[in-house]
Amino acid sequence: MSENNNNNNQNYNYDNNGLLGGLLLATGVLIGAAATLLIKENRPKKAGLVLETAKTRLGQKGNVVGSWIDYDSIEYDLFEDKPLVYIGGVTVENAEGRLQYQFASDIYTGELIDYYLINQNN
């Protein structure tokens, strides 16, 4: 009978080790996934993708006929917190003529922070 009790205790230990191992594995996977998301959110977007976002937004004002972006980010002094931005430009053509806009986009989100008309050719 004591041999049977030893077998039950050994099975119990194996079950606990398996449960503990599974719990540690799941915890590691969750920590890894959270770290990956955090790193992706804090990585600058590629300037080309930011330019495409700006073209889509400013393209609502007419047909995009030209665009450019500076691949070097700068601090945007217009705001107190001085976010890092890409500076670029988009030229659109519509019924009013050719409109040239300059823009500033956040390098982390790609969000258009500011834009303004710099030239209008009729």
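A quick note: this is a predicted structure, and the numbers were derived from the prediction, not measured. Just so you know, residue 1 is the first one in the sequence shown, and it goes up from there.
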* To do: Report yes if some heavy atom in the side chain of Val64 is under 4.5 Å from a heavy atom in the side chain of Val90; otherwise report no.
  => yes
* With Glu75 via salt bridge (Lys or Arg N to Asp or Glu O under 4.0 Å) - residues at least two apart -> none
Let me have the donor-acceptor pairs involving side chains of residues 51-62, under 3.5 Å, with sequence neighbours excluded, atom names and distances please.
| from | atom 1 | to | atom 2 | distance (Å) |
| --- | --- | --- | --- | --- |
| Glu52 | OE2 | Lys55 | NZ | 3.4 |
| Thr53 | OG1 | Leu49 | O | 3.2 |
| Thr56 | OG1 | Glu52 | O | 2.9 |

* Decide yes or no for Phe103 and Ile69: does some side-chain heavy atom of the first lie under 4.5 Å from some side-chain heavy atom of the second? => yes
* To do: Any chance you could lay out the side chain to side chain contact (heavy atoms under 4.5 Å, CB included) test for Val85 and Ile74, step after step, and finish with the verdict?
  => CA-CA 6 Å; Val85 299; Ile74 62 167; 3.9 Å; yes
* Residues in side chain to side chain donor-acceptor pair (under 3.5 Å) contact with Gln102, at least two apart in sequence or another chain -> none
* Identify, with sequence neighbours excluded, every residue that meets side-chain contact (heavy atoms from CB on, under 4.5 Å) alongside Asp72. => Asp70
* Straight-line distance of Tyr101 OH to Ser67 OG, nearest 0.5 Å -> 15.0 Å
* Structure fact -> Nearest heavy-atom approach of Asp106 to Thr109 is OD1-N, 2.9 Å
Could you go through residues 110-119 and list every donor-acceptor pair under 3.5 Å that involves a side-chain atom there, pairing it with any protein atom two or more places apart or in another chain?
| from | atom 1 | to | atom 2 | distance (Å) |
| --- | --- | --- | --- | --- |
| Asp114 | OD2 | Tyr76 | OH | 2.6 |
| Asn119 | ND2 | Gln100 | OE1 | 3.3 |

* Asked: Side-chain contact, heavy-atom cut-off 4.5 Å: Arg98 with Thr91?
  -> yes
* In Å, rounded to the nearest 0.5 Å, how long is the span from OH of Tyr108 to CZ of Arg43? -> 11.5 Å
* Asked: Mind checking what makes side-chain contact (heavy atoms from CB on, under 4.5 Å) contact with Asn63, not counting sequence neighbours?
  -> Val65
